Amino acid sequence: MRFLCPICGQELREAHAWLACSFCGILEEGEWGCPNGHSQCEGCRLAEPAEIIERVCAQSQESDPVQIADLLMSHPSFHAYGPEHHLLVAPVLLAALRNIGRPINAEKIEMALRRLADIPVAVCASRGDCGAAVGVGCALSLVVGATIHSGWERSLALRGTAHALERLADLGGSRCCKQSVYASIEEGCRLFREELGLELPSHTIQCRFAAKSPECRKDRCVYYF
Ligand SMILES: [Zn+2]
Ligand SMILES: [Zn+2]
């Protein structure tokens, strides 16, 4: 029987060793290991999307939100397309901000997951919305403490979602949840930098999921390489 590493796709080898989980970092005795050093503990292997997001965001030291998102999207609970992508953007942005020294606690990340849990599938086409884009507004809201009574904070949250949605519309084509996540993270990083002076690492994003996305637009997508 062959087992493949969910993170890099390499065939796993029998290891029988203590391995650090690539998702949550805990050490667990495992029978199979990836030649590139990846491993997943039992808890992470069985986790649903919200749980794996919480586990990864709790322990990650990474300040590049795209790196955190790529790790999460390689988890077996993330499919090519699906509402699990709605949950991802805000927690990843918040974890990256915490890792550059902002006061983001676990409660804020849990709150983001709760706020984003009820967005239905296919809202991009059915009502001109996108869970990934809403994640930008949600992250900005949680960082500045927006409420229905606040002024510029509420405007900033609205602007976050609006700009991410506009970017998705400009990218065009049929839906791709990876593209939505990447574009939303880019817009989120831009707004955190321009509006709040918070600089997260930025670089050209290269999508690792094209081969697993049956409707990938390939060289018509800005993230395809
Ligand atoms: Zn691997
Ligand atoms: Zn784990």
Side-chain angles (χ1 to χ4, degrees), residues 1-100 104-114 116-117 132 135 139 176-179 181-182 185 201 203-214 216 223-225:
M1 197 178 305
R2 290 173 78 226
F3 300 109
L4 301 181
C5 172
I7 296 171
C8 71
Q10 289 284 308
E11 188 171 342
L12 301 183
R13 297 177 187 155
E14 282 199 60
H16 300 289
W18 286 86
L19 303 164
C21 175
S22 303
F23 293 102
C24 75
I26 69 160
L27 277 174
E28 196 174 89
E29 204 166 6
E31 292 178 17
W32 298 88
C34 165
N36 293 325
H38 303 129
S39 175
Q40 51 180 344
C41 72
E42 185 74 358
C44 286
R45 193 172 61 78
L46 300 172
E48 296 292 322
E51 190 188 348
I52 195 66
I53 291 169
E54 211 171 324
R55 279 170 167 257
V56 166
C57 289
Q59 68 76 36
S60 176
Q61 305 293 308
E62 179 60 61
S63 58
D64 178 351
V66 175
Q67 295 274 350
I68 310 174
D70 276 345
L71 177 63
L72 284 166
M73 292 192 291
S74 70
H75 186 265
S77 69
F78 275 77
H79 303 100
Y81 311 101
E84 59 272 22
H85 297 85
H86 298 168
L87 298 172
L88 182 70
V89 170
V92 155
L93 286 169
L94 293 171
L97 287 167
R98 178 200 61 214
N99 294 340
I100 61 162
I104 304 285
N105 55 23
E107 200 180 317
K108 280 207 166 113
I109 292 176
E110 284 164 33
M111 202 178 286
L113 284 165
R114 283 201 299 278
L116 295 161
C176 173
C177 297
K178 311 301 178 201
Q179 187 189 65
V181 165
Y182 291 141
I185 288 175
H203 54 84
T204 303
I205 297 174
Q206 298 185 324
C207 179
R208 296 164 31 181
F209 303 94
K212 294 181 182 165
S213 303
C216 177
Y223 304 115
Y224 183 75
F225 74 107

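Read the numbers this way: they start at 1 and go in the same order the structure lists the ligands and their atoms. Given the structure is predicted, the values throughout are model-derived calculations rather than measurements.
Side-chain atoms of Gln40 never come within 3.5 Å of backbone atoms of Phe23 as a donor-acceptor pair (strictly under, hydrogens ignored). At least one donor-acceptor pair under 3.5 Å links the side chain of Asp64 to the backbone N or O of Val66. Between the side chain of Arg98 and the backbone N or O of Cys57, at least one donor-acceptor pair lies under 3.5 Å. A donor-acceptor pair under 3.5 Å is absent between the side-chain atoms of Glu28 and the main chain of Cys21, judged by distance alone. Counting only distance, with no hydrogens or angles, the side chain of Gln61 and the backbone of Gln59 share a donor-acceptor pair below 3.5 Å.
Nearest heavy atom pair, residue Asn99 against residue Ser60, reads ND2-O, 2.9 Å.
Around the Zn ion (ligand 2), protein N, O or S atoms at a distance under 2.8 Å total 4; waters are neither shown nor counted.
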Under the criterion side chain to side chain contact (heavy atoms under 4.5 Å, CB included), I'd like the reasoning laid out for Lys178 against Arg208: C-alpha separation, chi angles, the key distance, then a yes or no. CA-CA 9 Å; Lys178 311 301 178 201; Arg208 296 164 31 181; over 6 Å; no
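To the nearest 10 degrees, the Zn ion (ligand 1) sees SG of Cys5 and SG of Cys8 at an angle of 110°.
In terms of distance to the Zn ion (ligand 1), the nearest N, O or S atom of His38 is named ND1.
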